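Below is one structure; the comments refer to it alone.
These figures come from a predicted structure and were not determined experimentally. In this chain, residues are counted from 1 in sequence order. Values below: every heavy atom of this structure, side chains too, minus hydrogens, waters and symmetry copies.
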Amino acid sequence: MDEIRDSAYRAPAEPVTGERPADGAGGPPYADCVLCGEPTEYPESTRGATLCPVCEWQEAQRGACSG
């Protein structure tokens, strides 16, 4: 049981920077956040309102606190 719990708190293998990869590296072009304009983790072909990790977290907090 401790092994499962310990693995949940390990640092990610690669640091998350929130920046787009260099041109030609890392896959498709990424969509911009509809709230702040920062890059998201989603490709441009994703339908709907795409949010960056920060705005996505803030929206989740607003939804959780609204009752």
Side-chain angles (χ1 to χ4, degrees):
M1 176 110 169
D2 290 332
E3 184 177 317
I4 294 171
R5 185 180 63 195
D6 291 341
S7 67
Y9 295 105
R10 289 186 187 148
E14 296 179 19
V16 178
T17 61
E19 296 178 11
R20 294 182 183 168
D23 290 339
Y30 293 93
D32 291 331
C33 177
V34 296
L35 297 178
C36 69
E38 291 294 317
T40 67
E41 300 172 340
Y42 306 104
E44 286 182 347
S45 61
T46 302
R47 292 183 171 181
T50 54
L51 301 174
C52 70
V54 173
C55 291
E56 193 170 315
W57 180 81
Q58 289 174 346
E59 286 294 317
Q61 292 297 311
R62 287 185 196 113
C65 292
S66 66

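- Other residues sharing a hydrophobic cluster with L51 under the 4.5 Å side-chain heavy-atom criterion for ILVMFWY residues are V34, L35.
- Applying the side-chain hydrogen bond (donor to acceptor under 3.5 Å, both in side chains) test to residues at least two apart or on different chains, the pairs with a partner in residues 45-57 are Y42-E56.
- Shortest non-hydrogen contact noted between P39 and P53 is O-CD, 4.3 Å.
- In terms of heavy atoms, C33 sits closest to C55 at SG-SG, 3.7 Å.
- Every residue was checked against the side-chain hydrogen bond (donor to acceptor under 3.5 Å, both in side chains) condition with Q58, not counting sequence neighbours, and none meets it.
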